[in-house]
Structure formats: structure tokens, C-alpha cells
Asks: 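Sending over a structure as C-alpha cells; questions will come in a sec.
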Protein chains: 2
Amino acid sequence: MTTRTTPTKPPGLRERKKQQTRQRIREEAYRLFAERGYEATTVDEIAAAADISPSTFFRYFPSKEDVVTQDEYDPALAEALRARPAGEPTVDAIRAALVGPLGELLDGDREQLLLRTRITFTDPEIRARSVAEQERSEAVLAEVIAERSGRDARDLEVKCAAAAIIAVFTTLMRHWVEGDGKEDLLALYDRHLQLLSRGFDF
Amino acid sequence: MTTRTTPTKPPGLRERKKQQTRQRIREEAYRLFAERGYEATTVDEIAAAADISPSTFFRYFPSKEDVVTQDEYDPALAEALRARPAGEPTVDAIRAALVGPLGELLDGDREQLLLRTRITFTDPEIRARSVAEQERSEAVLAEVIAERSGRDARDLEVKCAAAAIIAVFTTLMRHWVEGDGKEDLLALYDRHLQLLSRGFDF
DNA sequence: TCGATATTGACAGTCACCTCTCATTTGGGA
DNA sequence: TCCCAAATGAGAGGTGACTGTCAATATCGA
């Protein structure tokens, strides 16, 4: 589906400039959000920082919150997961996806990801607005679990499992960000996802 | 802390009217939200429907979103949980809290709760804005789990467990709402929370 | 090089959340 | 009954997200 990688032609100057502008808007926006918070940052300020007119901002992002909530990681996760052998437990498959192609992707713009994730957890406004995204992740994961286990994606148990996994993962991400990304995300994953596959005794 | 139940005096006419107004604002707001969505409903419309001036609306709710996000259930849940014996597994304790005093509370304004919860899940705007609330629930639950298990509330495993429980519960609530509240929430709970205490095999 | 097209900036304007002030009404207590 | 404090309504005003138009500019294809 994602034939984003050079479909037919090499992108011309026009297209490259658009990508640059888009990226610059994002960077400046995140910088300002981190400095003074989401609400306190106006579109005009973002536009000024990115050296574009406010009109142009809205040509790139239909609304202010789209700067934050547009995500590109989900499809990569789903793809990596589907590449895993069918018998493998989902928890293990996710682990494999984390070290595999998804891992490279995360390493690539690790700094941006760290900054962005930090804002997501720090600023309650943004946190609230990123839920829709998280719920999409949940749905995607439920799909994959359903495929792999031969069940229906609308099965309540499947949904619950997906929700629990995402919830634990979110918790780990928050912890990871709070520790400035110094801890090994994979080690955290290994240690705590077992809670779900083995059951916890609280 | 919540000495709300007749602390010293019987509430006078003034206080009763305030409660009525507050309740009327809520009801009309929910009705309008359900009709046309959260964003599409203006404060002026809510005020008009509730027969008050827009100024008065903001005297009762500091912002529009507070009509939705102000929650009164969490403290009740925490209290009910703390009343359970210490040895009892948390999952069982929550179940007990659901049938106990919290259950009555839920039965009391069940209709309002159903309507309100439905909006919460239906309208993405409101859904996003209610996350902060959900995270508070998570923190509260983590506290209780920590108390009961003799661990630290900042223990990552405790946080993960709380997050997973809340996530599953949220999933069940959504399912319950989608089924118009006809299914037995308790039965759903019994059937699916076992996933967490016994571990699932996906 | 040149014309067509896409992108942009300037700018005016709308809409709704929210604040503040001040006069008026209403309930509580003596 | 009368006074005080709380609650309310009316209305003016600020702010920031977002829309639409139009002319200027930059890029592309031939």
C-alpha cells in the first residue's frame, strides 16, 4: 500500500521543497511546543518561526493539531508484524518488530521521536489529542492479532489483548522518555510484557 | 476528604438551586452534544437551552470541556477499593467494588452515565479530552495496587498492571455502550479480566 | 525561452471561547 | 421586615483558529 518509496519518478525540486517546508514546520512547531506548551503557541508564531505565512501553514496542515497527530509509524509496525511467522506469540512478534525494520526507523530520527514523544507525554493538551492515534494503533494491533490467531478482530478478547498491550507499551514509552531515552527500550519491553503473557499476581 | 454528605447543615435553597442549575447545564449540554457533536455545539446554545446567560455558564464550568471531563466516579472507586481486604487480588477487589457501593452509584444515574459514556466514545473531540481523566484513574489505581501489594506506586510493573487493567476496562465499557448498556457489565468483567490475571496466549 | 500551473503571501473577515465590569435580582440571617 | 452577600444577566471586548480571495512568484514541461 505504502508505495511512498520512489513510485515512478524522482521527485522534482517542487516536491522536495514541499517536503522541506513540511519538515521545517514540524520542527519549529515541536520546538515552540516544548518551550511554551501547545496551547500557548499560536499558528502565527509557528509560521513566523518556519518562515512561511500563516496561510501556508494551513495549506500544509488542515488544523493546528494535525502537526502533532499525524503519525507515520503505525503502517510500519503493522507491516513488520505481518512479516513474522504465524505461530509466534504476538508479544514475541512485537519484540522482533522492534529490533527489526521498525527499530531502524526509530533509530533514524530517534532524536525527533524522543522530542516528539516527550511532548506527547508532557503536554496534557497534546496528550489528549493523540489518543485517536493510539486507538488506531489498537485497532491495527487487534487486526494483526486476529489474523495470527485465526479469530475475529471484533472478538472482545482480542480487543482486550490489543488494548492491554498498547497500554503497557505506552506506560513503558512514558518511562523511557522520562529517563531521557537512556534506558534500553527493548529490555523494558522484555521485562514487562511478560506480565501480560504470564499474567500478573497483584 | 469527601465530606459531601451533609457535613454540618442541610443545604439551603441557594445551594439546592445551584445544584439544579449545574445539573441542568450538564443535561442540556449532553443532549446537544449527542444531537450535533461537541465542537458543533456552542456555549451560547448550551446556555440558552439551560435558560441561563453565557456568563453564568462560565461561572459553573471554567471551560466548555469541563462539562464533560469533570468526573465524580474516581474517588468513589478508590474508596471502595481501599475498603476491600488486603490479601484479595486486585482484580477481584475491583469486581467487588463494582457490585458494591460503586454499583449503586452507577445504577443511580445509569441513564445519564450511559448517555455520557456513549458521547465519550462516540465524539472524538470529547474522547480526546477525557484522556487526562483516564490517566488520573490509572494513577489512582496504581496507588491502590501499590498499597495492597506492598510495592512502590512508581514501580514500573505496578504502573503497567494499572494501565492494562484500565485499558481492558475501557475496552469493555466501549463494548457495553455499543450494546446500548444491555449486556451485564459484571459478566463482561468476569470473563475478560481473567486475561490479565491468568495471562493470554495470543 | 516561454507559457501553463502550482505555490505562496498579504489581507480581510468570520466564529466561538473566554474575560471583565457593572447593575440587578435573589436568598440567608437578624 | 431589612440588610448583606451571593448569584445572575447584559454587554463590551480580546484572542486565536480558520476561511476565502487575489495578485505575485517559482517551478515545470515543451
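Below, read A as the first sequence line, B as the second, and so on, with proteins coming before strands; counting in each chain starts at 1. Owing to the predicted nature of the structure, the values given are computational and were not obtained by experimental measurement.
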Asks: Specify the separation, in whole Å, of atom CZ of F33(B) and atom P of dA16(C).
Replies: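 That distance rounds to 14 Å.
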Asks: Return the nearest nucleotide to the side chain of K17(A); candidates are dG9(C), dG9(D), dA26(D).
Replies: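 Among dG9(C), dG9(D), dA26(D), the one nearest the side chain of K17(A) is dA26(D).
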Asks: Could you tell me whether the phosphate oxygens of dT8(C), OP1 or OP2, come under 4.0 Å of any side-chain nitrogen or oxygen in Y60(A)?
Replies: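 Yes, Y60(A) has a side-chain N/O under 4.0 Å of OP1/OP2 on dT8(C).
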Asks: Report the C-alpha distance between Q134(B) and T170(B) in whole Å, list the side-chain angles of each, state the deciding distance to 0.1 Å, and finish with yes or no for side-chain contact (heavy atoms from CB on, under 4.5 Å).
Replies: CA-CA 9 Å; Q134(B) 183 174 323; T170(B) 301; 3.7 Å; yes
Asks: In residues 34-47 of chain B, what residues come within less than 4.0 Å of DNA chain C, judged by heavy atoms?
Replies: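 The stretch gives T41(B), T42(B), V43(B) as the residues lying under 4.0 Å from the strand, ordered by number.
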Asks: Take atom CD1 of I52(A) and atom P of dC11(C), then tell me their distance rounded to the nearest Å.
Replies: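 The answer, rounded to whole Å, is 17 Å.
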Asks: Of all the choices, dT8(C), dT26(C), dA17(D), which nucleotide is nearest to the side chain of R14(B) once you look at every atom?
Replies: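 The listed nucleotide nearest to R14(B)'s side chain is dT26(C).
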Asks: Quick one: do E178(B) and R154(A) make a salt bridge, cutoff under 4.0 Å?
Replies: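 No, E178(B) and R154(A) are not salt-bridged.
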Asks: In this structure, which one of L185(B), V168(B), T120(B) forms a side chain to side chain contact (heavy atoms under 4.5 Å, CB included) with M173(B)?
Replies: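 Going through L185(B), V168(B), T120(B) one by one, the side chain to side chain contact (heavy atoms under 4.5 Å, CB included) with M173(B) is satisfied by L185(B) alone.
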Asks: How do K18(B) and P54(B) order along DNA chain D: which one's closest nucleotide is nearer the 5' end?
Replies: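 Its nucleotide being nearer the 5' end, the pick is K18(B).
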Asks: What is the separation between atom CZ on F61(B) and atom P on dT19(C), rounded to the nearest whole Å?
Replies: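 Spelled out: CZ on F61(B) to P on dT19(C) is 15 Å.
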Asks: Less than 4.0 Å between a side-chain N and a carboxylate O, is that true for R31(B) and E35(B)?
Replies: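 Looking at E35(B) and R31(B), the cut-off is met.
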Asks: Over how many whole Å does the gap from E65(A) atom CD to dG16(D) atom P extend?
Replies: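 E65(A) atom CD is separated from dG16(D) atom P by 18 Å.
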Asks: If you round to the nearest 0.5 Å, how far is CD1 of I94(B) from CD1 of I165(B)?
Replies: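 Nearest 0.5 Å value for the CD1-CD1 distance: 4.5 Å.
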Asks: Figure out the CD/P separation between Q20(B) and dA7(D), and round it to whole Å.
Replies: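 The distance from CD of Q20(B) to P of dA7(D) comes to 15 Å, rounded to the nearest Å.
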Asks: Does K64(B) make a side-chain N or O approach to OP1 or OP2 of dA16(C) shorter than 4.0 Å?
Replies: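 For dA16(C), neither OP1 nor OP2 has a side-chain N or O of K64(B) closer than 4.0 Å.
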Asks: Give me the bend of the helix from dT1(C)-dA30(D) to dA30(C)-dT1(D), using the axes of the five pairs at each end, rounded to 10°.
Replies: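 The end axes of the helix from dT1(C)-dA30(D) to dA30(C)-dT1(D) are about 30° apart, to the nearest 10°.
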Asks: What is the separation between atom CZ on F57(B) and atom C1' on dA16(C), rounded to the nearest whole Å?
Replies: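 Distance check: F57(B) CZ to dA16(C) C1' gives 12 Å.
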Asks: Out of dG20(D), dA7(D), dT19(C), which nucleotide sits closest to the side chain of S55(A)?
Replies: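 Among dG20(D), dA7(D), dT19(C), the one nearest the side chain of S55(A) is dG20(D).
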Asks: Of all the choices, dC18(D), dT19(C), dG9(D), which nucleotide is nearest to the side chain of F58(A) once you look at every atom?
Replies: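 Closest of the options to the side chain of F58(A): dC18(D).
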Asks: Nearest whole Å is fine: how far is dG27(C) C1' from Q19(B) CD?
Replies: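 Rounded to the whole Å, the gap is 16 Å.
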Asks: Just the rounded figure in Å: distance from P of dG16(D) to CG of L32(A).
Replies: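 The distance from CG of L32(A) to P of dG16(D) comes to 14 Å, rounded to the nearest Å.
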Asks: About how many Å separate OG1 of T171(A) and CZ of R174(A), when rounded to the nearest 0.5 Å?
Replies: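 If I round to the nearest 0.5 Å, the distance is 7.0 Å.
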Asks: State, yes or no, whether a side-chain contact exists between F33(B) and I46(B) at a heavy-atom distance under 4.5 Å.
Replies: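 Yes. Closest side-chain heavy atoms under 4.5 Å.
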Asks: Using a 6.0 Å cut-off, check whether atom CZ of R198(B) has over 12 heavy atoms from anything other than its own residue.
Replies: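 Counting other residues, nucleotides and ligands, CZ of R198(B) stays at 12 neighbours or fewer.
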Asks: Is there a donor and acceptor pair, one atom on the side chain of R59(A) and one on the base of dG9(C), closer than 3.5 Å?
Replies: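 Indeed there is one.
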Asks: Show me the pairs that pass side-chain hydrogen bond (donor to acceptor under 3.5 Å, both in side chains) and involve residues 180-189 of chain B, at least two apart or across chains.
Replies: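 Listed by first then second residue: R118(B)-D180(B), H175(B)-E183(B).
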Asks: From F57(A) CZ over to E28(A) CD, what is the distance, rounded to the nearest 0.5 angstrom?
Replies: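 Taking CZ in F57(A) and CD in E28(A), the distance rounds to 12.5 Å.
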